[in-house]
> 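I'd like to ask some things about the structure below.
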Amino acid sequence: MSITAVTPLLSAAAQRGDMAKPYSLSADSEIGLLPMKKPITEDNHFWLWKSHSYPRSIAALLLLLIVFTCLELVLLRYNLPSLDPTDKDTIKIPSNLEELRRLKVVLSVYMEKHFGSVYTTFFITYIYLQSFSVPGSMWLSILGGALFPFWLALLTVSLCSAVGSCIAFLISGNLGSVAITHLIGDRLIQWNEQLVQHKQHMLNYMIVLRVAPLPPNWMVNLGAPHLHVPLNAFFWGTFIGVACPSFLHVQAGAALDRLSSSDQLNLLTWTNVICLAAVAIVALVPVLIRRRYPL
């Protein structure tokens, strides 16, 4: 199982033999930081343990990933009802439409008598994927639309995305403090230049970030704590922002049974793109009004 956020960081670490001493981003304002060549300092009261060692930071991230991956495998093994031996190979995170179809068929058989077990497994697995930026969240969103009532699936996906992203936020600010600022510090400096301009409208800005494809979600999750993004705005911005693309995914899942085996699942249509753009514009309207008519 490939890791889109952790793996690139670790690969970069292995390739950079001439890495300088880790640097931190020090606060120049309440939100928005500037680069500064000095050891990282503990400047957020909710950090439990902030590593000051690059090797220890990398090791802590790896250990946490391994532990929670093992717990996820235990969950898949023991929380789901007893499966037919022929169905066991189907229970995995789907990576394409065919695997999604097979998984939906198998889980649908157990839904009537074991709804709680299936729903709990879906809920925790989604949070795990978000917390460690493991590929598969989109397919799980579509699966949720195929298995559960539409509004329950949409609420679950949005909540799991927000909770998982906040866990990634806290992991990055604690165990990954040195590793993250060291490996993507240049990107954080560039992002900071935009962030400073939106510090008074952070909730709206986070909503737009979640609707837009750039920067990628894993970078938002890992970089936000090092730029002093408030956790409250981060959670609600994620919860509201991801609801828009998740609406499309869940809707596609609800229509999965109506697709023939030869049909393709096309989410990137002009209608969907226009809808997402419209949501982003609506989120920016309050910002534009406040700039035009400051209080």
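Residue numbers start at 1 and run along the sequence shown.
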> What distance separates I93 CD1 from E72 CD, expressed to the nearest 0.5 Å?
6.0 Å

> Is it the case that one hydrophobic cluster holds both V67 and I167, taking links as side-chain heavy atoms less than 4.5 Å apart, direct or via other members?
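Linked, V67 and I167 end up in one cluster.
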
> Nearest 0.5 Å, what's the CG-CD1 distance between L97 and I142?
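Those atoms lie 7.5 Å apart.
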
> Can you name the closest pair of heavy atoms from A153 and V250 and give their distance?
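Reported closest heavy-atom pair: CB-CG1, 3.8 Å.
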
> With hydrophobic residues grouped by side-chain heavy-atom distances under 4.5 Å, do I66 and L73 end up in a single group?
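No, I66 does not connect to L73 through the hydrophobic network.
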
> For V163 and F235, what are the C-alpha separation, side-chain angles and deciding distance, and is it a side chain to side chain contact (heavy atoms under 4.5 Å, CB included)?
CA-CA 7 Å; V163 171; F235 174 86; 4.3 Å; yes

> Kindly determine whether W191 and L188 satisfy side chain to side chain contact (heavy atoms under 4.5 Å, CB included), including the steps that lead there.
CA-CA 5 Å; W191 185 20; L188 294 182; 4.2 Å; yes

> Locate the shortest heavy-atom distance separating H249 from S141; write the atom from each residue and the value.
CB-CB, 3.6 Å

> How many angstroms lie between atom CG of L159 and atom OG1 of T238, to the nearest 0.5 angstrom?
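Interatomic distance, L159 CG to T238 OG1, rounded to 0.5 Å: 11.5 Å.
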
> When you compare the side chain of V220 with that of M206, does any pair of heavy atoms fall below 4.5 Å?
yes

> If you look at every heavy atom in P225 and G173, which pair is closest and at what distance?
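Scanning both residues completely, I find the closest heavy atoms to be CG-N, 4.0 Å.
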
> Transitively linked via ILVMFWY side-chain contacts under 4.5 Å: L80 with I124?
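No, no single cluster joins them.
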
> Do Y205 and F234 have their ring centres less than 6.0 Å from each other?
no

> Are L154 and S246 close enough, and set up right, to give a side chain to side chain contact (heavy atoms under 4.5 Å, CB included), and what steps lead you there?
CA-CA 7 Å; L154 181 60; S246 296; 3.9 Å; yes

> Any non-hydrogen side-chain atom of S161 less than 4.5 Å from a side-chain atom of R210?
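SC-SC contact between S161 and R210 ruled out.
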
> Return the minimal non-hydrogen interatomic distance between V211 and G241, and the atom names on each side.
CG2-O, 3.7 Å

> Using modelled atom types only, decide if a donor and an acceptor are shared between the side chain of H226 and the backbone of S172 within a distance under 3.5 Å.
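Side chain of H226 to backbone of S172: a pair is present.
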
> Y119 pairs by ring pair (Phe, Tyr, Trp, His ring centres under 6.0 Å) with which of F148, Y126, Y110?
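In the set F148, Y126, Y110, the residue that makes a ring pair (Phe, Tyr, Trp, His ring centres under 6.0 Å) with Y119 is F148.
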
> Would you indicate whether the side-chain heavy atoms of C166 and L231 approach each other to under 4.5 Å?
yes

> At what distance, to the nearest 0.5 angstrom, does CZ of F122 lie from OG of S117?
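Spacing of CZ (F122) from OG (S117) equals 15.0 Å.
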
> Under the side chain to side chain contact (heavy atoms under 4.5 Å, CB included) criterion, do S137 and Q130 qualify, and how do the steps go?
CA-CA 7 Å; S137 297; Q130 286 293 312; 2.9 Å; yes

> Quick check, are the ring centers of Y128 and F68 under 6.0 angstrom apart?
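Here the rings of F68 and Y128 have centres that are no less than 6.0 Å from each other.
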
> Is the side chain of N79 donor-acceptor paired with the backbone N or O of L75 at a distance under 3.5 Å, no angle test?
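Pair absent, no side-chain N/O of N79 close to backbone of L75.
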
> Could you tell me the separation between the CG atom of L147 and the CG atom of L107, rounded to the nearest 0.5 Å?
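With rounding to 0.5 Å, CG (L147) is 5.5 Å from CG (L107).
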
> Would you compute the distance between atom CG of L140 and atom CD1 of I127 and round it to the nearest 0.5 angstrom?
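That separation rounds to 11.5 Å.
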
> Are L155 and W151 linked, directly or through intermediate hydrophobic residues, by side-chain heavy-atom contacts shorter than 4.5 Å (ILVMFWY only)?
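In one cluster with W151: L155, yes.
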
> Given side chains that start at C-beta, do those of F132 and W218 come closer than 4.5 Å, heavy atoms only?
no

> Could you tell me if the side chain of V157 sits less than 4.5 Å from the side chain of V242, heavy atoms only?
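Counting from C-beta outward, V242 and V157 never come under 4.5 Å.
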
> What closest approach, in Å, do L103 and P94 show between heavy atoms, and which atom pair accounts for it?
CD2-CD, 3.8 Å

> Is there a continuous path of hydrophobic side-chain contacts, each under 4.5 Å between heavy atoms, that joins L65 to L63?
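Result: yes, single cluster for both.
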
